[in-house]
Amino acid sequence: MRETRGISRQQNQPQGHYGLTSPISLAPPSDVDHAHTQKLIEAMKPFGVFEDKEKLFQRTAVLGKLNNMVKEWILELAESKNLPPSIIEHLGGKIFTFGSYRLGVHTKGSDIDALCVAPSHVERSDFFQSFFEKLKNQEEVKNLRAIEDAYVPVIKFDFDGIEIDLVFAKLSMPTVSDDLDLQDDSCLRSLDIRCIRSLNGSRVTDEILRLVPNLENFRLTLRAIKLWAKRRGVYSNIMGFLGGVSWAMLVARICQLYPNALASTLVNKFFLIFSKWNWPKPVLLKRLEESFLNLPVWDPRVNPSDRYHVMPIITPTYPQQNSTYNVSISTRAVMVEEFQRGLEVTDEILRGKSDWSKLFEPLNFFQKYKHYIVLTATACTEEHHLNWIGLVESKIRVLVGNLERNEFITIAHVQPQSFPGNENLYKQSGFVSMWFLGLVFKKVESAEKTNVDLTHGIQSFTDTVYRQASALNILKEGMKIEATYVKRKQLHYFLPAETLQKRKKQRVSDVSQSHSGFQCKRSSLAESCSKSSSSRAPSNSSLLNKISKLDTSTAETERNVACQSCSDANSVAEPSTSKGLCIPVTDPKMEAPVALRASGPPVGCTIPGYNTVSQLRTCVVQGKHKLSGTLFMDPKSASPKQHYSPSSKVSRPPTPGECPQKAIDGEKLNVCDSDATESRYPQDGRRRATKNGVLDGKSMQTPAITSRSQRLSSKELPDASSPVPTNSIRIIKRPIKLTLNG
Ligand code: ATP
Ligand code: MG
């Protein structure tokens, strides 16, 4: 099913050209390229990126069973609704696959993204009721849960041990035949927006496959890039890096530009092109067509908020969207730095000076920075913990954004992987997860000492999380988060020595599991809270005209890159200055070139009565700090407050968090609004256990926290319509301040 559906062209002989511009090079592969590609395959094997035939066969069998179940259910429904026999005879119904499985790049143990397409007599509620029941009665089905109120509603389950995410769309036609083609925009006509979103995944994936000249080369290259991105800590849509579909589109663009190249060359060209890309120029796979449907589409000429997207990678089907909404200035800078490293390493490899294993060496995150923030999320029970970390994780990019806006911080780099708390923390506080953010401070030249106050950025992040937890009515006794500033040498209080050491030879048995951090199923909380609707006005002007300008500039960028690379195949020209990125660009090896002194012990933002971890941690770290004799500072005595104003950083565009649409505390206006992208696509939250109904706020138990000091004032609540939770919490504001020595 996966290999051929809808892709009707010869794979080995590209016809014409693909994409917006003609190729940069049509050079056929040499023997050396074949040898390099073979070595690349060998280097990838230990990471479990290739699934064996038996497992593949099992996946096909599972999808076949599921397809039959869908047809059977649609028939049963039609009979129960007394449809005429003439219709019943041709009802049909079909399962489509999309995402990495459909692209043919899934790894061992990865899930299958699937779409159930039904004819018009089937309602969405039927899918979540009678089809859900049908799945429940299937003995091969385990871990069944429905997330009906997500941006893209989904039923998740394991079928014969294979994880499936199943979304639903009903078409406005009475029958769904086996040869139905979803690529035709007319299939979107008169559909409910949730169905359009559900169809979008499949339409995008199939279009990507159509837009690459050679599927085999595309797949191998994409596997290599996905593995590299996971190893280097830049694979995570939810944390502000890129998710699977964005990486796929970037690789597809490279395949278009070098249609005859093999994977070894394509990987190298990937790093060449994207390390020099003039972000925020968008990456487009094809000229975008207008449609009569008038749906909201990504278009910075019409939607002011789209102008703030810093790394646009646009999906190729109508309604086109930017798949990288969460990317910020910091995460983009981290990725560009990794592209540059990728280019250096692959240049070396292709010159025979190194081998592919070097490309896949893990990022040495804990050696990279001098300054870190440790974020801990704690809960009393495993189930609470899974829900809690799902929410916290979905908000970490808010913290990154807040830190980015601090005038002294140039980079706030979050490591997407989380770490479990140690045994002591477990005994003290229950279930603990930790995330780490590396910080780079701006060089302060004029002043001898500069005080940096992180309190506000951290506090507003923790406020956001608690506020959202309250709004969703999921806050439980013992749930807390805290953020602590530490220096690199203090990291050993939180992490075992093996983790902190250079991990060159670290083995990754299953990279598909590793990038999301916590090795367990994730709550779909973040998904459920996302019912965002676009507030954009539909475009009435000609999209074709508008996009043609983007085309030209994109083409120019690539031509420039091409010229640079042609002029000297081995030594590549310096990156052009990106007009959109004007914060001081960090040198890859740059650490804060200033002596940084913590003006007090690492302190967390704590909740009174629930801060055992904080007390423990503060106490332990304080022990080490006694020599410095510094005192915990009073907030009032804090020297210069963080004073961010748009003009203080005029040289960079605002981050998505600063978009006009959301600037005025989007969380308060609509707690779900800012989650549009992170939870639009359920894979971001799929690895945490969710029981049926656990995401339904109404079914959650209200915890018995009654202390007065723990009540939120009404103005801290997300919006007037949110239920006032009895477990409201008042957060004590404690300062996190540092002194930079000039
Ligand atoms: P992975 O191997 O990590 O599962 P994937 O290629 O399956 O990667 P997912 O992130 O699982 O990609 O997404 C599945 C599909 O959902 C994509 O193919 C895409 O069509 C749609 N999708 C996911 N995230 C986005 C996004 N940010 N913007 C647009 N579409 C998205
Ligand atoms: Mg997927």
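Counting starts at 1 for both ligands and their atoms, in listed order.
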Exercise for the section: Drop me the distance from N268's CG to L40's CG, to the nearest 0.5 angstrom. Expected result: 11.5 Å
Practice task
Please confirm whether K45 makes a cation-pi placement over F47, using NZ or CZ under 6.0 Å from the six-membered ring centre and within 45° of the ring normal.
Solution key: no
Handout entry: Value rounded to 0.5 Å, distance of CZ in R219 from CG in L209
Key = 6.0 Å
Fill in the blank from the handout: Near T205 (heavy-atom distance under 4.0 Å), the atoms of ligand 1 are 18 (O), 20 (O)
Problem - Atoms of ligand 1, numbered as shown, that sit under 4.0 Å from any heavy atom of Y235 - result: 1 (P), 2 (O), 3 (O), 8 (O)
Exercise for the section: Mind telling me whether W228 and F339 have parallel, tilted or perpendicular rings, with 30° and 60° as the class edges? Expected result: parallel
Problem - the Mg ion (ligand 2) to D113: nearest N/O/S atom name - result: OD2
Exercise for the section: Could you tell me whether D185 and R203 have a side-chain N and a carboxylate O separated by less than 4.0 Å? Expected result: yes
Practice task
Could you please spell out the steps behind the salt bridge (Lys or Arg N to Asp or Glu O under 4.0 Å) verdict for K108 and D52?
Solution key: CA-CA 8 Å; K108 278 183 188 163; D52 56 38; 5.8 Å; no
Handout entry: Atom indices of ligand 1 within 4.0 angstrom of D113 heavy atoms, with elements
Key = 7 (O), 11 (O), 14 (C)
Practice task
Look at D165 and state whether any of its N, O or S atoms is less than 2.8 Å from the Mg ion (ligand 2).
Solution key: no
Exercise for the section: Name the orientation class of the two ring planes belonging to W279 and F274 (parallel below 30°, tilted from 30 to 60°, perpendicular beyond 60°). Expected result: parallel
Handout entry: Atoms of ligand 1, numbered as shown, that sit under 4.0 Å from any heavy atom of F98
Key = 15 (C), 16 (O)
Problem - Proximity of K226 to ligand 1 by residue part, where a heavy atom lies under 4.0 Å - result: side chain
Completion exercise
A student checking ligand 1 against G201 at a 4.0 Å heavy-atom cut-off should list atoms 20 (O)
Exercise for the section: Compare S246, S100, S236 and give the one whose heavy atom is closest to atom 4 (O) of ligand 1. Expected result: S100
Problem - Of the listed options T97, I238, N326, V245, closest to atom 19 (C) of ligand 1 (non-hydrogen atoms) - result: V245
